[in-house]
Number of protein chains: 2
Amino acid sequence: MSQSIIGKLEALHPLPEEDKKLLHAVVGRGKTLKAGDDIVREGDHTDVVHVIIEGHGFRYKTLPDGKRQIIGYLVPGDFCDLYGFLFDRMDHGMAARTQCRIAQLTEEHVLMLTSRPALARALWWSELVNGSILREWLVNMGRRTPSARVAHILCELLVRLQVVGQATADSFKLELSQNELGDTVGLTTVSVNRALQRLRGAGLISQSGREITIPDVAALKAFADFDPGYLHFRQDREERP
Amino acid sequence: MSQSIIGKLEALHPLPEEDKKLLHAVVGRGKTLKAGDDIVREGDHTDVVHVIIEGHGFRYKTLPDGKRQIIGYLVPGDFCDLYGFLFDRMDHGMAARTQCRIAQLTEEHVLMLTSRPALARALWWSELVNGSILREWLVNMGRRTPSARVAHILCELLVRLQVVGQATADSFKLELSQNELGDTVGLTTVSVNRALQRLRGAGLISQSGREITIPDVAALKAFADFDPGYLHFRQDREERP
DNA sequence: CGGAGGTTTGAGCAGCCTCAATGCTCGTGG
DNA sequence: CCACGAGCATTGAGGCTGCTCAAACCTCCG
């Protein structure tokens, strides 16, 4: 299913067939990491670019007192540290939260990809979108209620997973513990649990294990104040007049 | 004082003299905005790149209920929306918080600049640093106490303003109201006020109007858990063994 | 069967937010 | 020179709610 690495980029920018082939060839099969493994540790130097082929991960920072903040999710197609080799040390860590297949590209590989205009554009775009997501998360943590924060993340996951073919129109598998969800939105596990209960109580979501179903997507989006514009997907752009 | 637009970039990457000249020539004198003016509004389309020559601004998003979240500060030397013309609409607004001089570069101008390797590198670097700051802010809001949050922002401002020659070793002028500080770190004005009082009470800062003095910079940094690594300044890189 | 990791629940407290009023500072106009 | 107003800083009271601490339960999986 390494098809999904294309999905993420094509959602942002169309790619010629030969670019897709090049991408597959350069990325290859990748190496396998198991859930919980670090992809890159905080403070490490790295001179390769990691690409998620399969599986899910996240970026995080830890504080001296052991608290952790998750600062981004990694999905198939993500170039985790594009141009990150410019920095001599990583200012945050990245970890696999499910089993992952990950490619490690050298600078030459990256140059090969970015010499293709459409690919370069898609990668640029994806970097810009990463920044945009970060800004939206800031809004989420700073200015929304706990329930709305959790609802907002669920909306984002629904949309982002749809793009890589891992969600239906109204459901997806949440690959995160409530603890990790809390580390994402700045709440404790207990508060996340109660926020989810409120969402269930309001009929905005239903859960069976980690399978999340959203009976009325528009209602959840409204509740969460979720506007997918910040994800800058092509489909949104083309729907507009 | 348009010297400071160089300061910001040179703090990240050294520039040849001719690149600096080119930068000055392209940027020019810019146009003047008064405090409170919008540089770009949320949802606008823009096909120019705004560069802050002089003055301070911020990026923000507003919520349906009128709440506001500040998602970044703009200082002299910032290319506010580099490559932002790739997007068809801004997902956030930018406003001047003091009087500003602002240049508007066309795509050709930008191409002229990025065809110089050192400049391209410096601009890339500065984009990466913007992302890094965003991640640190996320940690700040999600996982630090109100006092530490405010202290952290003060540390960041001290360091960032030093780079553009607008702060001494231990003091700077805070160009933000307590309301704006609150919109930055996810607190109310009242809580910011009380956080500042605690910092003053602990002897970590002293204030005279909006002039902030930090008697013991190391102590404030320790209290705030501030590690300037995320700003990726050259000076930090070169100090390391 | 046992254990680990994750979810759920309860009680109690600290602290952030809301609401509201009072000062303070500085620039403007009389 | 002073009165005035706008914008910002500061203070107080009170309620809500997110956090802490702790325990129980549930679900896989070896």
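Every heavy atom of this structure was used, including side-chain atoms; hydrogens, water molecules and symmetry mates were not. Throughout, a chain's letter reflects where its sequence line sits, starting with A, and its residues are numbered from 1. No experiment lies behind these values; they were computed from the predicted model shown.
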Original post:
Side chains of B/H92 and B/E42: is there a donor and an acceptor less than 3.5 Å apart?
Top reply: no

**OP:** Verify the distance criterion only: is there a donor paired with an acceptor across the side chains of B/N193 and B/Q197 at less than 3.5 Å?
**Re:** yes

Original post:
Just one of B/W137, B/Y73, B/Y60 clears the side chain to side chain donor-acceptor pair (under 3.5 Å) bar with B/T184, so which one?
Top reply: B/Y73

Look at the side chain of [X] and the backbone N and O of [Y], then say whether any donor-acceptor pair between them is shorter than 3.5 Å.
| X | Y | value |
| --- | --- | --- |
| A/R143 | B/R68 | yes |
| A/S208 | A/E211 | no |
| A/S132 | A/Y230 | yes |

Original post:
In terms of side-chain geometry, is the basic nitrogen of A/E136 or A/R144 positioned less than 4.0 Å from the acidic oxygen of its partner?
Top reply: yes

Original post:
Reckon B/R200 has a side-chain N or O less than 4.0 Å from the OP1 or OP2 of D/dT10?
Top reply: yes

**OP:** Indicate whether OP1 or OP2 belonging to C/dT7 is found under 4.0 Å from a side-chain N or O atom of A/Q207.
**Re:** no

If you restrict it to nitrogen or oxygen atoms, what contacts under 3.5 Å exist between nucleotides 14-19 of chain D and the protein, and what is each distance?
residue	atom	partner	partner atom	Å
D/dC19	OP2	A/T188	N	3.4
D/dC19	OP2	A/T188	OG1	3.2
D/dC19	OP2	A/S191	OG	2.3

[X] [atom1] to [N] [atom2]: how many Å, rounded?
| X | N | atom1 | atom2 | result |
| --- | --- | --- | --- | --- |
| B/L181 | D/dA9 | CG | C1' | 12 Å |
| B/Q197 | D/dC8 | CD | P | 19 Å |
| A/N193 | D/dA23 | CG | C1' | 14 Å |

Polar-atom pairs under 3.5 Å, protein N or O versus N or O of nucleotides 3-6 of chain C: list them with distances, or write none.
residue	atom	partner	partner atom	Å
C/dG6	O3'	A/R210	NH2	3.4

Original post:
Around atom CZ of B/R200, are there more than 12 heavy atoms of other residues, nucleotides or ligands at under 6.0 Å?
Top reply: yes

